[in-house]
K.L.:
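Please see the structure below; I have some questions.
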Amino acid sequence: MSSMVNVKAGSRPPWVGLGAAVWIQIASGNAYNFPLYSHSLKSVLGLNQHQLTMLGVANDIGENVGLLPGIASNNFPPWLVLFIGSLTCFFGYGLLWLAVTRTLLLPYWLLWIALCVATNSSAWLSTAVLVTNMRNFPLSRGTVAGILKGYGGLSAAVFTEVYSMLLNNSSSKLLMFLALGVPILCFMMMYFVRPCTPASGEDSAEQGHFIFTQTASVVLGLFLLGTTILDHMFHLSSSISYVSLAIMIILLMAPLAVPVKMTFYRKRTGRSEMLDQPIRSSDCSFQEKGDADNSEPLLKPSLSMTDLGSEDDDASEVAMLLAEGEGAVKKKRRPKRGEDFKFSEAVIKADFWLLFMVYFVGVGSGVTVLNNLAQIGIAQGVQDITILLSLFSFCNFVGRLGGGIFSEYFVRSKTIPRTIWMACTQFIMITVYLLFASAIDGTLYAATALLGICYGVQFSVMIPTVSELFGLKHFGLFYNFISLGNPLGALLFSGLLAGYIYDNEAAKHGLNLISSGVSCLGPNCFRVTFLVLACLCGVGSILSIILSVRIRPVYQMLYGGGSFRLPNTSNN
């Protein structure tokens with residue numbers, strides 16, 4: 001029978017795991033590559049625009065439907081979850097490579113399934129590293145979520161750099177790279193992504209380590225944006241391209257400098273401090289599910305904080321306690337917000353569905369613009385949308401990283417619920433969509449940048465909020481269920497709303513977009529879509545404010561002393 005081996009505060013294994021997770025998080029962004037090879041699928045396989053659009057839906061579904069990875073992350077070690085993700089990546093992209101190279105003739109339905117399987121690797125890889133690191137750093141959930149989702153936002157720029165500079169803009173080479181390169185990377189890193197028992201107190205050096213990692217990610221983002229623009233303007237030579245790739249790899253390795261520094265400059269602990277601490281090992285190991293129920297909680301609960309706004313009244317609790325004392329009943333109660341919920345317990349809570357709806361509106365409207373950004377640019381007279389896509393990617397990264405940083409700061413200093421930032425950004429998104437609808441000259445790039453930031457914030461705020469309201473025990477399942485808001489929004493707002501309005505506007509000019517390569521031109525192509533999205537974000541802002549007011553007592557309990565502390569854990 002195995003057991004979880006404790007890790008003392010500031011020890012290296014969690015930071016090695018975070019450094020390895022950065023690479024896997026980049027690999028999990030493989031679904032963002034669809035625009036890079038979709039044209040080859042269309043030309044080689046003779047697909048029409050409608051069929052290609054439905055493949056885009058398959059891409060979004062595979063990337064975001066992660067209920068199985070969520071369940072697996074709570075029952076199996078991270079390496080096994082990563083291994084399954086590697087297999088789906090290998091077989092899915094392998095079939096796509098066979099189709100593009102005409103090695104194997106695949107029917108359309110099988111191509112659709114292969115793309116779903118390939119991009120579903122994103123859900124497996126991302127869930128494994130996110131769940132593991134959120135549990136390894138429970139005192140800094142917003143910061144960790146911001147870092148990992150930030151690197152995930154940069155993955156599109158990383159793959160674009162590899163595609164243009166190393167693979168010579170070859171779709172077949174890119175699919176081969178994804179089919180082989182991503183699994184190999186996972187096999188190299190999976191050993192280091194392991195669960196560890198976190199320290200029970202704050203580590204003074206931890207904040208500096210996080211700041212270093214965040215700074216490294218910002219430098220990487222600026223570097224990728226700069227090289228993309230320079231390559232677009234001047235067409236960099238092969239030697240310069242290889243140097244750029246080498247610098248990119250070094251910057252990706254930067255988070256590993258933290259455990260290296262901890263190796264050479266070990267933190268000294270006083271003798272009296274050592275006597276107060278239990279004997280611990282600096283290694284990590286996986287805890288089997290059978291031992292999980294008998295083990296101690298990740299952090300010691302706070303005994304003084306009980307004002308969680310429970311639905312049970314005081315009188316019934318007193319009566320229950322008296323009955324328990326007399327042995328009349330066995331202690332069993334529903335968890336309070338902030339404790340570990342089961343899925344069946346969480347889905348009957350209003351806060352769960354409020355968070356789902358807020359996230360659905362935020363990312364659903366944002367992904368509609370992202371999926372149609374090329375057509376939006378062309379409609380407004382921008383023929384080459386490379387810089388537009390790079391700008392959105394970088395600002396998406398800024399939003400993800402910044403959302404984690406700012407929400408973590410204000411939740412600790414002011415106990416302000418993280419969801420208030422979803423309200424603020426969705427209010428800004430109303431203005432952004434009105435700018436898109438107006439199609440005023442010179443506003444396209446500014447609106448795209450603002451939307452990228454607001455879109456990124458939704459990810460880095462939703463993730464820690466889920467864990468704080470409903471616990472870390474089943475976090476993987478909760479996170480992946482709420483993430484369904486992304487493909488659902490893509491289907492409703494992009495596939496149905498935007499596509500229907502776009503085709504109708506084109507039909508007014510006598511264009512048949514399915515059978516021709518002609519694009520709709522003019523601001524009317526998406527104007528109604530943007531107005532609808534603006535109204536939706538207005539509703540989302542109101543729901544965000546309602547949710548923030550409801551969960552404020554939870555954050556006052558969790559962060560009332562300026563640092564995170566867990567409530568009493570219920571027996572589930």
K.L.:
Which distance, rounded to the nearest 0.5 Å, do you find between the CG of Asn133 and the CZ of Arg141?
P.N.:
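Separation between the atoms: 13.5 Å.
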
K.L.:
For Leu370, does its backbone N or O pair with a side-chain atom of Tyr455 as donor and acceptor, under 3.5 Å?
P.N.:
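Looks like no, no N/O pair under 3.5 Å.
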
K.L.:
Excluding sequence neighbours, so at least two apart, what forms side chain to side chain contact (heavy atoms under 4.5 Å, CB included) with Thr160?
P.N.:
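Here the qualifying residues are Leu36.
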
K.L.:
After noting the C-alpha distance and the side-chain angles of Glu161 and Thr228, does the key distance pass the side chain to side chain contact (heavy atoms under 4.5 Å, CB included) rule?
P.N.:
CA-CA 7 Å; Glu161 194 106 339; Thr228 300; 4.0 Å; yes

K.L.:
Partners of Phe475 by ring-ring contact (aromatic ring centres under 6.0 Å, His included), sequence neighbours excluded?
P.N.:
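So Phe475 forms a ring-ring contact (aromatic ring centres under 6.0 Å, His included) with Tyr479.
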
K.L.:
Sequence neighbours excluded, which residues qualify as side chain to side chain contact (heavy atoms under 4.5 Å, CB included) partners of Thr431?
P.N.:
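Side chain to side chain contact (heavy atoms under 4.5 Å, CB included) check on Thr431 returns nothing, list empty.
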
K.L.:
Checking Leu225 now: which residues fulfil side chain to side chain contact (heavy atoms under 4.5 Å, CB included) with it, not counting sequence neighbours?
P.N.:
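Side chain to side chain contact (heavy atoms under 4.5 Å, CB included) check on Leu225 returns Ile229, Ser390, Phe394.
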
K.L.:
With sequence neighbours excluded, what pairs up with Trp124 under the ring-ring contact (aromatic ring centres under 6.0 Å, His included) test?
P.N.:
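In terms of ring-ring contact (aromatic ring centres under 6.0 Å, His included), with neighbours along the sequence ignored, Trp124 is linked to no residue.
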
K.L.:
State whether the side chain of Ser467 and the backbone N or O of Pro464 hold a donor-acceptor pair below 3.5 Å, judged by distance alone.
P.N.:
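Yes, Ser467 side chain to Pro464 backbone: donor-acceptor pair under 3.5 Å.
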
K.L.:
Just grab all the salt bridge (Lys or Arg N to Asp or Glu O under 4.0 Å) pairs involving residues 413-438, residues at least two apart or on different chains.
P.N.:
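Every salt bridge (Lys or Arg N to Asp or Glu O under 4.0 Å) pair that includes a residue of residues 413-438, provided the two are not neighbours, is Glu408-Arg418, Arg418-Glu468.
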
K.L.:
Taking all non-hydrogen atoms of both residues into account, name the closest pair between Tyr433 and Cys537 and its distance.
P.N.:
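Tyr433 and Cys537 have their closest heavy atoms at CE1-SG, 3.5 Å.
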
K.L.:
Can you tell me how the ring of Phe493 sits relative to the ring of Phe360, calling it parallel under 30°, perpendicular over 60° and tilted otherwise?
P.N.:
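Plane angle between 30° and 60°, so tilted.
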
K.L.:
Please report the C-alpha distance between Leu477 and Asn74 in whole Å, then the side-chain angles of each, then the deciding distance to 0.1 Å, and finally whether the side chain to side chain contact (heavy atoms under 4.5 Å, CB included) criterion is met.
P.N.:
CA-CA 8 Å; Leu477 182 58; Asn74 198 50; over 6 Å; no

K.L.:
So, taking the atom named CZ in Arg135 and the one named CG in Leu130, what distance separates them when rounded to the nearest 0.5 Å?
P.N.:
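Those atoms lie 10.5 Å apart.
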
K.L.:
In Å, rounded to the nearest 0.5 Å, how long is the span from CG of Leu536 to OG of Ser541?
P.N.:
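Nearest 0.5 Å value for the CG-OG distance: 10.5 Å.
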
K.L.:
Output yes when a side-chain donor or acceptor of Asn136 lies under 3.5 Å from a complementary backbone atom of Cys196, and no otherwise.
P.N.:
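Yes, Asn136 side chain to Cys196 backbone: donor-acceptor pair under 3.5 Å.
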
K.L.:
Within the side chain of Ser122, is there an N or O that forms a donor-acceptor pair under 3.5 Å with the backbone of Ser28?
P.N.:
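Yes, Ser122 side chain to Ser28 backbone: donor-acceptor pair under 3.5 Å.
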
K.L.:
Does the side chain of Lys261 come within less than 4.5 Å of Phe212's, by heavy atoms?
P.N.:
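The answer is no; the side chains never approach within 4.5 Å.
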
K.L.:
Would you mind reporting whether Gln214 and Ile147 have side-chain heavy atoms less than 4.5 Å apart?
P.N.:
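In contact.
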
K.L.:
Under 6.0 Å from the CH2 atom of Trp23, do we count more than 12 heavy atoms belonging to anything else shown?
P.N.:
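Yes, because the 6.0 Å sphere around CH2 of Trp23 holds more than 12 heavy atoms from other groups.
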
K.L.:
Partners of Glu63 by salt bridge (Lys or Arg N to Asp or Glu O under 4.0 Å), sequence neighbours excluded?
P.N.:
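If we apply the salt bridge (Lys or Arg N to Asp or Glu O under 4.0 Å) test to Glu63, skipping adjacent residues, there are no hits.
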
K.L.:
Within a strict 4.5 Å, meaning less than it, do heavy atoms of the Leu388 and Tyr445 side chains meet?
P.N.:
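Side chain of Leu388 against side chain of Tyr445, heavy atoms only: contact under 4.5 Å found.
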
K.L.:
State whether the side chain of Arg552 and the backbone N or O of Val549 hold a donor-acceptor pair below 3.5 Å, judged by distance alone.
P.N.:
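No.
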
K.L.:
Taking only residues two or more places apart in sequence, or in another chain, which ones meet Phe406 in a side chain to side chain contact (heavy atoms under 4.5 Å, CB included)?
P.N.:
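Counting only residues at least two positions away or on another chain, Phe406 forms a side chain to side chain contact (heavy atoms under 4.5 Å, CB included) with Phe410.
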
K.L.:
Kindly determine whether Leu125 and Val81 satisfy side chain to side chain contact (heavy atoms under 4.5 Å, CB included), including the steps that lead there.
P.N.:
CA-CA 7 Å; Leu125 303 185; Val81 180; over 6 Å; no

K.L.:
So does Ala27 get a backbone contact from the side chain of Asn30, meaning a donor-acceptor N/O pair under 3.5 Å?
P.N.:
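Indeed, once roles are kept as given, a pair shorter than 3.5 Å links the two residues.
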
K.L.:
Does any non-hydrogen side-chain atom of Gln207 lie less than 4.5 Å from one of Thr143?
P.N.:
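No. Closest side-chain heavy atoms not under 4.5 Å.
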
K.L.:
If you look at every heavy atom in Ala437 and Leu531, which pair is closest and at what distance?
P.N.:
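For Ala437 versus Leu531, the nearest heavy atoms are CB-CD2, 4.2 Å.
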
K.L.:
Do Ser126 side-chain atoms and Ala123 backbone N/O form a donor-acceptor pair below 3.5 Å?
P.N.:
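Not at all, since once roles are kept as given, no pair shorter than 3.5 Å links the two residues.
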
K.L.:
Rounded to the nearest 0.5 Å, what's the gap from CD1 on Ile551 to CG on Leu547? Could you check?
P.N.:
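That separation rounds to 4.5 Å.
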
K.L.:
List the atom pairs, with distances to 0.1 Å, where a side-chain N or O of residues 244-253 and a protein N or O form a donor-acceptor pair under 3.5 Å, not counting sequence neighbours.
P.N.:
residue: Ser244; atom: OG; partner: Ile240; partner atom: O; Å: 3.0

K.L.:
Could you grab the distance from atom CG of Leu451 to atom OG of Ser365, nearest 0.5 Å is fine?
P.N.:
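Spacing of CG (Leu451) from OG (Ser365) equals 7.0 Å.
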
K.L.:
Kindly assign one of parallel, tilted or perpendicular to the pair Phe137 and Phe210, based on the angle between their ring planes and the thresholds 30° and 60°.
P.N.:
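Taking Phe210 first and then Phe137, their aromatic rings stand perpendicular (interplane angle over 60°).
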
K.L.:
Hey, does the side chain of Trp79 reach the backbone of Val193 with a donor-acceptor pair shorter than 3.5 angstrom?
P.N.:
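Judged by distance alone, no pair lies under 3.5 Å.
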
K.L.:
Got a second to check how far Ile542's CD1 is from Met357's CE, nearest 0.5 Å?
P.N.:
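Taking CD1 in Ile542 and CE in Met357, the distance rounds to 12.5 Å.
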
K.L.:
Is there a donor-acceptor contact under 3.5 Å linking the side chains of Thr419 and Ser548?
P.N.:
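Side chains of Thr419 and Ser548: pair found under 3.5 Å.
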
K.L.:
Are side-chain heavy atoms of Ile24 and Leu82 found at a separation under 4.5 Å?
P.N.:
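SC-SC contact between Ile24 and Leu82 confirmed.
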
K.L.:
Does Tyr555 have any ring-ring contact (aromatic ring centres under 6.0 Å, His included) partners at least two apart in sequence or in another chain, and if so, which?
P.N.:
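Expected list: none.
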
K.L.:
If you count every heavy atom of other residues, nucleotides or ligands that lies below 6.0 Å from Phe427 atom CZ, does the total exceed 12?
P.N.:
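Incorrect, the count does not exceed 12.
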
K.L.:
With heavy-atom distances below 4.5 Å as the criterion, would you say the side chains of Leu148 and Leu18 are in contact?
P.N.:
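Result yes, sub-4.5 Å side-chain heavy-atom pair found.
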
K.L.:
Just list the side-chain donor-acceptor pairs under 3.5 Å for residues 395-403, sequence neighbours left out, or say none.
P.N.:
residue: Asn396; atom: OD1; partner: Arg400; partner atom: NE; Å: 3.1
residue: Arg400; atom: NH1; partner: Lys149; partner atom: O; Å: 3.1
residue: Arg400; atom: NH2; partner: Tyr32; partner atom: OH; Å: 3.2

K.L.:
If you define the side chain from C-beta out and look only at heavy atoms, does anything of Gln458 sit under 4.5 Å from Met429?
P.N.:
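Side-chain contact under 4.5 Å: yes.
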
K.L.:
How close do Gly70 and Ser73 get, counting heavy atoms only, and between which atoms?
P.N.:
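So the two residues come closest at O-OG, 2.8 Å.
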
K.L.:
Which heavy-atom pair separates Ile545 from Ala423 by the least distance, and what is that distance?
P.N.:
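Closest heavy-atom pair between Ile545 and Ala423: CG1-CB, 4.0 Å.
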
K.L.:
Stepwise, does the side chain to side chain contact (heavy atoms under 4.5 Å, CB included) test hold for Ile376 with Leu444?
P.N.:
CA-CA 9 Å; Ile376 292 170; Leu444 179 60; 4.3 Å; yes

K.L.:
Got a sec, which residues hit ring-ring contact (aromatic ring centres under 6.0 Å, His included) with Phe352, two or more places apart in sequence or on another chain?
P.N.:
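With sequence neighbours excluded, Phe352 shows a ring-ring contact (aromatic ring centres under 6.0 Å, His included) to Phe470, Phe481, given in chain and number order.
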
K.L.:
Side chains of Asn64 and Asn480, heavy atoms from C-beta outward: is any pair under 4.5 Å?
P.N.:
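Side chain of Asn64 against side chain of Asn480, heavy atoms only: no contact under 4.5 Å found.
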
K.L.:
Of the non-hydrogen atoms in Tyr359 and Ser483, which two are nearest, and what is the gap between them?
P.N.:
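Distance-wise, the nearest heavy atoms are CE2-CA, 3.8 Å.
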
